[in-house]
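Only one structure is covered here, and it is reproduced in the block below.
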Amino acid sequence: MPAPAARFIVGNWKMNGLSAEISEAAALADSLKDEPSPHRVGLCPPATLVERMARKLAGTAVEVGGQDCHGSASGAFTGDVSAEMLKEAGASLVILGHSERRAYHNETDAEVAAKVEAALRAGLEPIICVGETLDERKAGKTLAIVRGQIAGSLPTSLSGKAFALAYEPVWAIGTGLTPTLEEIEEVHREIRAAMKAQLGASGATAPILYGGSVKPSNAADILALAEVGGALVGGASLKADDFLPIVRAG
Ligand code: PGA
């Protein structure tokens, strides 16, 4: 049997983690040094930990990312962090358009697209999130919603650039619920078609991650699906003991 293609497994710590938790990231990197994973691995801690985590993980297999960035490089935007700042702190990735940002900070597709432009300008690889709410799924609107978010959040400048798309059904995040494997596959196929039509070759090859209640118990089944190029993992990425089996799955 040919070796399965490498996936991209990214941990999203959200607003969790003080300096003591850097030890979890270090434990993850140490384990991967002893027994490397075939997959690409990233961790996105809160902005306050990016620099320390990046220093700690320098030279390891674990990449570090931010969870959001502003669309401008600098300016009078109290409380915001720019892509250039994340890059200088040692990040190589940035999650953009996460549903928690879209819901609690009213981020629109156009704002997400501007943030993607900012990430590319700074040399960060964006991980752009899309996904439907439970009401939208119940109303049969999942594919239309996801198509609309892709059309609005992915600028044409992504063409030729490294990036990832994350499909995260809002109702699956932090709930323990997931779509069926068939439903995940259906949406990922649709996302691939939309990205290809919009961005050509880069849209045909950029990994499409699944996110929403990925756990050690379901990771292998999800990662084996067609067009699932990895996972974006929240709660189960906080502890090395939970995240490692996911990083090794698939
Ligand atoms: P969860 O979060 O794995 O805790 O469901 C995923 C995410 O929001 O990225």
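Each ligand, and each atom within it, is numbered from 1 in the order the structure gives. Note: hydrogens, waters and symmetry copies are ignored here, and every other heavy atom, side chains too, is used.
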Asn12/His98 under side-chain contact (heavy atoms from CB on, under 4.5 Å): CA gap, chis, key distance, verdict: CA-CA 10 Å; Asn12 171 13; His98 189 281; 3.6 Å; yes

NZ/NE/NH1/NH2 to OD/OE distance under 4.0 Å, Arg55 and Glu51: yes

Ion pair Arg137/Glu183, N-O distance below 4.0 Å: yes

Test of proximity, Val233 against ligand 1: N or O pairs below 3.5 Å: no

From OG (Ser153) to CG (Asp109), nearest 0.5 Å: 3.5 Å

Nearest-0.5 Å distance, CD of residue Glu168 to CD of residue Glu100: 8.0 Å

Within the 4.0 Å heavy-atom shell around [X], which atoms of ligand 1 are there?
| X | value |
| --- | --- |
| Ser213 | 1 (P), 3 (O), 5 (O) |
| His98 | 7 (C), 8 (O), 9 (O) |
| Asn12 | 9 (O) |
| Gly212 | 5 (O) |
| Glu168 | 6 (C), 7 (C), 8 (O), 9 (O) |

Lys14 heavy atom under 4.0 Å from ligand 1: yes

Closest candidate by heavy atom, reference atom 6 (C) of ligand 1, pool Gly235, Cys44, Gly234, Ala236: Gly234

Residue pair Thr142 / Glu136, side-chain donor-acceptor N/O under 3.5 Å: no

Glu132 and Tyr167 side chains, donor-acceptor separation under 3.5 Å: yes

Per-residue contact class, Ile173 against ligand 1 - non-hydrogen pairs under 4.0 Å: both

